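As the structure lists them, so they are numbered: ligands from 1, and atoms in each ligand from 1. Because only heavy atoms are used, hydrogens play no part in the values below, and waters and symmetry mates are left out as well, while side chains stay in. Index from 1, following the sequence. What you are looking at is a predicted structure, and each value in this text was computed from that prediction instead of being measured.
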Amino acid sequence: MMRTRPLKVALLGCGVVGSEVARIMTTHADDLANRIGAPVELAGIAVRRPDRVRAGVPAELVTTDATALVKRGDIDVVIEVIGGIEPARGLITTAFEHGASVVSANKALVAADGAALHAAAEAHGADLYYEAAVAGAIPLVRPLRESLAGDKVNRVLGIVNGTTNFILDKMDSTGAGYSEALDEATALGYAEADPTADVEGFDAAAKAAILAGIAFHTRVTIDDVHREGLTEVTAADIASAKRMGCTVKLLAICERAADGASVTARVHPAMIPLTHPLASVREAYNAVFVESDAAGQLMFYGPGAGGAPTASAVLGDLVAVCRNKLAGATGPGESAYTRLPVSPMGEVVTRYHISLDVADKPGVLAQVATIFAEHGVSIDTVRQQGKDGEASLVVVTHRAADAALSSTVGALRELDTVRGVASIMRVEGE
Ligand SMILES: NC(=O)c1ccc[n+]([C@@H]2O[C@H](COP(=O)([O-])OP(=O)(O)OC[C@H]3O[C@@H](n4cnc5c(N)ncnc54)[C@H](O)[C@@H]3O)[C@@H](O)[C@H]2O)c1
Ligand SMILES: N[C@@H](CCO)C(=O)O
Ligand code: NA
């Protein structure tokens, strides 16, 4: 039976995502009410710039005082789509203290301070949901938290940043330049307010931290995630990948160690074979593989960024949180009981593609091969292309520890015959 008294919602932020949340809450009001069992009313919208015209947003609801809005006392759910650490963190904490549950799209905040936020929610009998924080519209947080809660997840691997996938895809398929592709991603609402977060891998690292924490029931913060962005990827890397039948993607990889005693989380560009399903993920789409003991391999695919797709995830959380409120219950909180430690990048084991500029003279290949052997890194293939006394040597290794590969590269740099290390890229998905 439908309750007539509405649940009141405060919206913090009315940018790319917030304006779509407001639009869908208005246009789908009847469906939302039927699905929840009570009407939901947009009771206030906190913005920074009230002068900005927002189509379809009732002017009388707009305020610049977000703190007063969350302190009103009659708000049931706060939707935080401001982004960043402060004032978002303070506003969310205040919301809990005043009895509201919170839906957020803020991966930066959850990845930095998720444990404290969950504790604050629990202390006040409130919910904290953030499906939109990881891979936009794609259901991932709740499938991991709820649907897979009876299984044991061993690996989460995927493309979790739409902006960088859009850039790599445009560069690869249309030959567009890096800045041109980034400008287009920004205009389409995919990039963060400061796109450095996207291209330097901070956004993907935040998502990797959230995924690893939920998947392995432990605590992982963004500081635990090894991060390399897109800015070092060159056209030569992309061309080299093509020659190997691969493409370059920015991947987030969270793994349980073989002995089960620790986990790792990393974000970096990697070559993947064109035959791998992730190779065909285009534009701002995201795709994530989850591997678990009982289910085997699951793949989640869909729009990972953009106003309306992200609002879809926010609205899904709003419905869940409102249903919990009406039932006088809360959904699942933090699950970090395994306390598995996060191992450093040096312990990650994978394959590598190394491109060296070397002198083209007798014995160089043998010297290079010896350095790999001395560091216990086994070579899979070597390709050499010579030109005017210089040569480009491309070495692909078998699986080796990242620390061993780093020492190998350090020793290679010391060789007189090695003029430079043009690129080092990990090879994944084989
Ligand atoms: N855009 C996407 O594709 C996407 C996808 C997933 C998650 N997110 C996350 O959603 C959140 C919002 O992203 P966005 O793309 O809508 O950003 P945005 O910059 O378009 O919107 C944020 C809005 O918050 C406003 N704001 C800033 N400080 C405020 C304050 N103190 N009070 C009220 N309003 C304030 C800004 O003026 C801006 O309009 C971020 O956490 C982002 O990481 C975005
Ligand atoms: N800037 C992010 C938004 C989605 O989280 C991206 O490009 O994926
Ligand atoms: Na999601």
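- Atom 9 (C) of ligand 1 has Ala105 O, 3.3 Å as its closest protein atom, hydrogens excluded (heavy atom only).
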Inset, instruction - Evaluate side chain to side chain donor-acceptor pair (under 3.5 Å) for Asp169 paired with Tyr285, printing each intermediate quantity in order. - result: CA-CA 10 Å; Asp169 182 39; Tyr285 280 83; over 6 Å; no
Inset, instruction - Could you walk me through whether Val382 and Val394 pass side chain to side chain contact (heavy atoms under 4.5 Å, CB included), step by step? - result: CA-CA 6 Å; Val382 181; Val394 175; over 6 Å; no
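- Heavy-atom contacts of Asn161 reach the following atoms of ligand 2: 2 (C), 6 (C), 7 (O), 8 (O) (cutoff under 4.0 Å).
- Annotation: Val17 places an N or O atom under 3.5 Å from an N or O atom of ligand 1; distance criterion only.
- Annotation for ligand 2: atoms under 4.0 Å from non-hydrogen atoms of Ala305 are 3 (C), 4 (C), 6 (C), 8 (O).
- The protein heavy atom nearest to atom 19 (O) of ligand 1 is Ala193 CB, 4.2 Å.
- The protein non-hydrogen atom at the shortest distance from atom 8 (O) of ligand 2 is Gly162 N, 2.6 Å.
- Screening the protein for N, O or S atoms under 3.0 Å from the Na ion (ligand 3) yields 5; no waters enter the count.
- In terms of protein heavy atoms, atom 4 (C) of ligand 2 is closest to Gly304 O, 3.2 Å.
- Within the 4.0 Å heavy-atom criterion, the part of Thr310 lying near ligand 1 is the side chain and not the backbone.
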Inset, instruction - Check the pair Thr350 / Glu428 against side chain to side chain donor-acceptor pair (under 3.5 Å), numbers first and verdict last. - result: CA-CA 7 Å; Thr350 188; Glu428 304 286 344; 3.0 Å; yes
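- Which parts of ligand 1 touch Val47 is read off a 4.0 Å heavy-atom cut-off, strictly below it: atoms 33 (C), 34 (N).
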Inset, instruction - Take Asp237 and Thr234, measure what side chain to side chain donor-acceptor pair (under 3.5 Å) needs, and give me the verdict at the end. - result: CA-CA 5 Å; Asp237 290 328; Thr234 62; 3.2 Å; yes
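- Under a 4.0 Å criterion applied to the non-hydrogen atoms of Lys107, ligand 1 contributes the atoms 6 (C), 7 (C), 8 (N), 9 (C), 42 (C), 43 (O).
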Legend entry - Candidate pair Asn106 and Glu80, rule side chain to side chain donor-acceptor pair (under 3.5 Å), full reasoning: CA-CA 7 Å; Asn106 194 335; Glu80 183 275 308; 3.3 Å; yes
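- Residue Pro87 approaches ligand 1 through these ligand atoms, each under 4.0 Å from one of its heavy atoms: 31 (N).
- Given atom 41 (O) of ligand 1, the protein heavy atom at minimum distance is Gly83 CA, 3.2 Å.
- The Lys107 neighbourhood of ligand 2 comprises atoms 3 (C), 4 (C), 5 (O), with distances under 4.0 Å to a heavy atom of that residue.
- The protein atom (non-hydrogen) at minimum distance from atom 3 (O) of ligand 1 is Gly306 N, 2.6 Å.
- Of the listed residues (Tyr190, Tyr285, Phe202), the one carrying the non-hydrogen atom nearest atom 3 (C) of ligand 2 is Tyr190.
- Contacts with ligand 2 closer than 4.0 Å are made by no heavy atom of Asn286, backbone or side chain.
- In this structure a side-chain-to-backbone donor-acceptor pair under 3.5 Å is missing from Glu131 to Asp317.
- Of the candidates Ile82, Thr64, Thr67, the one placing a heavy atom closest to atom 27 (C) of ligand 1 is Ile82.
- With Ser407 contributing its side chain and Ala403 its backbone, the two residues share a donor-acceptor pair below 3.5 Å.
- Interface atoms of ligand 2 facing Glu192, defined by a heavy-atom separation under 4.0 Å, are 1 (N), 2 (C), 3 (C).
- For Gly136, the heavy-atom gap to ligand 2 stays at 4.0 angstrom or more.
- Remark: Arg145 is positioned above the aromatic ring of Tyr130, its terminal NZ or CZ atom under 6.0 angstrom from the ring centre and at most 45 degrees off the axis.
- Counting atoms of ligand 2 from 1 in the listed order, those under 4.0 Å from a heavy atom of Asp198 are 1 (N), 2 (C), 6 (C), 7 (O).
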Inset, instruction - Take Val281 and Asn165 through the side chain to side chain contact (heavy atoms under 4.5 Å, CB included) test and state the conclusion after the steps. - result: CA-CA 8 Å; Val281 176; Asn165 201 58; 3.8 Å; yes
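- Contacts between Ala133 and ligand 1 below 4.0 angstrom, taking non-hydrogen atoms only, are absent altogether.
- Contact detail for Ile79 and Val314: the closest heavy-atom pair is CG2-CG1, 3.7 Å.
- Side-chain atoms of Asp65 and Thr63 include no donor-acceptor pair closer than 3.5 Å.
- Close contacts between ligand 1 and Gly15 involve ligand atoms 16 (O), 20 (O), 21 (O), 23 (C), 39 (O) [criterion: under 4.0 Å to a heavy atom].
- Residue nearest to atom 34 (N) of ligand 1, selected from Glu86, Glu20, Arg52, Arg48: Arg48 (by heavy-atom distance).
- Inclusion of Val16 in the set of residues having an N or O under 3.5 Å from an N or O of ligand 1 is warranted.
- Among the atoms of Gly189, some N or O lies under 3.5 angstrom from an N or O of ligand 1.
- One distance of note links OG1 of Thr163 with CD of Glu184; it measures 11.5 Å at 0.5 Å rounding.
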Inset, instruction - I would like to know whether Cys254 and Arg155 meet side chain to side chain contact (heavy atoms under 4.5 Å, CB included); could you show each step before the answer? - result: CA-CA 6 Å; Cys254 312; Arg155 194 162 188 247; over 6 Å; no
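- Two rings, from Phe96 and His118, have their centers 6.0 Å or more apart.
- Distance check on atom 17 (O) of ligand 1: every protein heavy atom falls at or beyond the 4.0 Å cut-off.
- Near Ala132, meaning under 4.0 Å from any of its heavy atoms, are these atoms of ligand 1: 6 (C), 7 (C).
- Across Val21, Ile75, Val103, Leu318, a single residue satisfies side-chain contact (heavy atoms from CB on, under 4.5 Å) together with Val9, and that is Leu318.
- Put simply, the side chain of Thr247 does not reach to within 4.5 Å of the side chain of Lys242, judged on heavy atoms.
- Distance alone, capped at 3.5 Å, places no donor-acceptor pair between the Asn324 side chain and the Ala329 backbone.
- Between His217 and Tyr337, the two ring planes are tilted [angle within 30° to 60°].
- Among protein heavy atoms, the minimum distance from atom 7 (O) of ligand 2 is reached at Thr163 OG1, 2.6 Å.
- Annotation for ligand 1: atoms under 4.0 Å from non-hydrogen atoms of Ala305 are 3 (O).
- At least one side-chain heavy atom of Met25 sits under 4.5 Å from a side-chain heavy atom of Leu315.
- Because its NZ or CZ atom is both nearer than 6.0 Å to the ring centre of Phe202 and within 45° of the ring axis, Arg227 counts as a cation-pi partner of that residue.
- Distances below 4.0 Å separate heavy atoms of Glu192 from the following atoms of ligand 1: 42 (C), 43 (O).
- With respect to Asp402 and Arg426, a salt bridge is recorded, a charged nitrogen being found less than 4.0 Å from a carboxylate O.
- Close contacts between ligand 1 and Val81 involve ligand atoms 12 (C), 22 (C) [criterion: under 4.0 Å to a heavy atom].
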